[in-house]
Every structure is written in structure tokens, then in C-alpha cells.
Protein chains: 2
Amino acid sequence: MPRTNDDPRALRSRAAALAAATELLVEGGPENVTHATVARRAGIGRATVYRHWPDQQALLIDALAGDVRPLLAFDDSPVRDQLVTQAEQMAHRLNQPSAVSILATVIQRAERDEDARRIREEMFGRADEDFTRVLAAAVERGELRPGAQEHARDLIARIIGPLLFERFLHGVHLEKDLVVSLVDAALAPWLPNA
Amino acid sequence: MPRTNDDPRALRSRAAALAAATELLVEGGPENVTHATVARRAGIGRATVYRHWPDQQALLIDALAGDVRPLLAFDDSPVRDQLVTQAEQMAHRLNQPSAVSILATVIQRAERDEDARRIREEMFGRADEDFTRVLAAAVERGELRPGAQEHARDLIARIIGPLLFERFLHGVHLEKDLVVSLVDAALAPWLPNA
DNA sequence: TCCTCTTCGATACATACTGTCTCACAGATG
DNA sequence: CATCTGTGAGACAGTATGTATCGAAGAGGA
């Protein structure tokens, strides 16, 4: 007795619809994601799309949420290496037009929509606490001066922020040079030999 | 013999439509700006809106362009003062939900639309050269170390970028403390006594 | 003031889109 | 093989979009 949520047919059509919705979002913006366009692109019935997502808002939100989940992830290696790695991955994502479309859509809708705000928080909410722990460990090891662990969010903002600025407002391709120089500039005040 | 462009009636209806379009954009996003909604809000005929803007894209672009023209403007006062003032004004604008809506819309559409890219460049294109001159003058006066004038864009990115990050991705209200600390951090490497 | 030109709002109209419903069919389960 | 259940196709009403037409009123020159 299969139910709506675990029936292979439902999973198939749902996945096809979400993939199509993401494509359409990237190609033509959020107003391009309608039940009709998604159904046509996904090769499924229009009624099926309505069954899964009663309104277009829910459809768009699911398409947005499915793509951009983990934006920063830290581990136990030296702080500078981690920052360079993470910032480079971030730059690489931002260099893809699709990421800008999706991020800008989330930012725009988050101003008015509760669900979009939730998605936005999923992207960066966890990063602060994780990185705080990373910084604390680095202070323990003597990599950074004491107090650094209280500025996790500031550090991230001063590295990722300029990347956003260059990509969003100048439309440039983000290069590794920029990433490295941003990381070093942000870290400089906390190096022990400074 | 009045023509389309200088007839007071045409100017009136055009202005009313643009004002209404901006309101609707801020309230409900770009998909909320249609010929019908604009006409109703502006109290003018639907056909009139079609007369001025044959397609919705053109209408939206004009509404976007009319609002966010001069984002940074520099003069001859000391560099740090100017940066603090400009960054504060920027923070003040970003704190208003309408600015985020409009900026995010421009960013999103600039990825695909030529006109939106033009608007984006009007916002920041001039800032680089203007600020380069400001920095050069400051170097002359001994306020900054030589070479600073070649990093105008970097400086702006390292001040405005983190503001964008905090506002766009964390949704926080931007405070003066943050602005000042960003300006000082960005300027630190170029101070003569460093 | 009067006359002429242009834009205006209102309306009508064809077409396209949206959201809901029904139904026969095929895939999934046991 | 028998029985559910999600599916695609299509019908349908209601709404939105885009265009054309018309009389009314504003604008500017005589």
C-alpha cells in the first residue's frame, strides 16, 4: 500500500520537477518558474506539479532550498588553510551564473518571505558557531592571538563580503589572488607575530 | 503642437506610473510589477501604461533605474572622514528593506539582462575613478602611504562588501560601529605610521 | 477666447494563462 | 494476478495579457 511520499512514481516526478524548476530559475529568473513551464520542461503533467506544490511560492522555495544548502564547512586543519579553501570554494560557486541567480533570488525574497529567510539562515547560520570552534582551537595551538575566537563572524564577513561585492556589483570573475589576499588581510590582526 | 515626450499629461502619467511601479516592486518583488497593477495603483488607464512601456521588462527596468542612481559620491575632505560618511550612508540605505529589494533585483537580472547590467554599472562604475583621485590627493597630502591610489576598488570592496554580507545574508541592521571598524581596518595598511 | 492636435481613460475583444476537476491508464505492492 | 494510487491528458471557468477603438479632456497656438 504505497503512500504519497515513498511511492517511486511520486519521487520520480517530484525530482524531475525540482530539477526542471532549478534550470528554469537559472535561465529566466523566479518569474520563469511556473507550474506550466516546469511541467513542460520536466516532461510531466501540469496537474502533477499542482499536486506536489499547491502554489508557485512553495515550488520556487523548494527549488531554491534543494541547491544551496552547505555554503561553508570547516574541519581541524590550520585556520589559514581552511579559510583559503572555503573562500576558494565560495568564489568558485559565485563564479557560476546559476549561483548568483539563486542567491540573489533568496536574498530578494527573504526580505518579505519567511521560508526564504529560513533558507538563507541554513546557508550561513551554522558557519558562525563552527568557525568559532575552529578559531578557539587555533588560539589553543598558538596559531592566533587570544580573543580571535570572538570574531568568527567578522572574519567571515571580511572575506566573503568583498567577494560578494566584486561578483554582485561589478560582475567580475573571482580569482584566487583576490581570495588569498582577503584571507591574509582579515587574519593579519590576529597573527601572534603582529 | 505637443509631442509625446514633453506633453505635461504624458509626463504626469509617466511619473505616476514609475512611482507606483517602485512601490509595487518594493512591496511584492519584480513579479508584482505588471501593467495592470501599476495602472490600478497609479490611478491611470491600463492602456496608458502599455503606451509608455510596450513590455513589462522595460517598465521594471525604468522603475529600478529611477531609484538607485548615485550610490557613492566623494569630495575633497580627509579620506577617512569621507569613507566613514559614504559607508554610513550606504549602511543607512541598506538598512531600508526597499533598497535590498531593489538591489537584489538588479543583481539578479544583471546576470541575464543587458539593461540591468547598465544600471548596475551606473551605481558603482564612477566610484572607482572618483575615489582613485581622492586617494591620490590624500597621498600627496601625506595622509596615506604612496601606492594607495592604486587600490581604490579594493578598499571600497573591503568596506562595502562586509556590509552587504551582513545585510544580505544575515539580515541584520547595520550599525555605525561596524562601519567605522571596517573603514579603519581597510585603511590600516596604508596609514603612514604603520 | 476658439481651434486643432495629442494624450487620456474606458471599453471591447481575442488570446493565453491559471487553477480545479474528472477519468482512463499504467506503475507499484503484495 | 488483483488492487490500490499516482499519473497524464483533457475539459472547464475564471482571470490576465496585449491590442484596437472611441469619445472626452488637456495643451498650446492663433
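Sequence lines set the chain letters: A, B, ... in the order given, protein chains first and strands last, and positions in each chain run from 1.
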Side chain of A:I44 - closest among D:dG8, C:dT6, C:dT18: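 Shortest atom-to-atom distance from the side chain points to D:dG8.
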
Residue B:A36, side-chain atoms from C-beta onward, closest of D:dT17, C:dG9, D:dT7: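 It is D:dT17.
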
Sugar-phosphate only, base, or nothing, as touched by A:R14 at under 4.0 Å among non-hydrogen atoms: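 Here A:R14 touches no strand at all.
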
Contact letters for nucleotides 19-25 of chain C, in which S counts primed atoms plus P, OP1 and OP2 and B counts the base, heavy atoms under 4.0 Å: BBB----

Can you check the [X] [atom1] to [N] [atom2] distance for me, whole Å?
X     : N      : atom1 : atom2 : result
A:E31 : D:dA16 : CD    : P     : 18 Å
B:D7  : C:dC8  : CG    : P     : 7 Å
B:Q57 : D:dT17 : CD    : P     : 15 Å
A:L11 : D:dT5  : CG    : P     : 16 Å
B:W53 : D:dT17 : CH2   : C1'   : 17 Å

Go through the structure and list residues passing salt bridge (charged side-chain N to carboxylate O under 4.0 Å, His left out) with [X], not counting sequence neighbours.
X      : answer
B:E88  : B:K176
A:R112 : none
A:R120 : none
B:E150 : none

Ring geometry between B:H170 and B:F165 (parallel below 30°, tilted from 30 to 60°, perpendicular above 60°):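 Perpendicular.
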
Degree of bending in the helix from C:dT1-D:dA30 to C:dG30-D:dC1 once both end axes are built from five pairs, to 10°: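 Its terminal axes enclose an angle near 40°.
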
Partner set under side chain to side chain contact (heavy atoms under 4.5 Å, CB included) for A:D76, not counting sequence neighbours: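 Scan of A:D76 (side chain to side chain contact (heavy atoms under 4.5 Å, CB included), adjacent residues dropped) gives none.
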
Under 4.0 angstrom between B:H52 side-chain N/O and C:dT7 OP1 or OP2: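 Answer no for this pair, as no side-chain N or O of B:H52 is under 4.0 Å from OP1 or OP2.
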
Listed once per pair and sorted, the salt bridge (Lys or Arg N to Asp or Glu O under 4.0 Å) pairs that draw on residues 162-171 of chain B, sequence neighbours left out: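 Found A:E111-B:R167, A:R153-B:E166.
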
Pairs under 3.5 angstrom only: tabulate donor-acceptor contacts from the side chains of residues 123-134 of chain B to other protein residues two or more places apart or in another chain.
residue	atom	partner	partner atom	Å
B:D130	OD1	B:R133	NH2	2.8
B:T132	OG1	B:D128	O	2.7

Short N-O contact, A:R118 and A:E121, less than 4.0 angstrom: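 Answer for the salt bridge query: no.
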
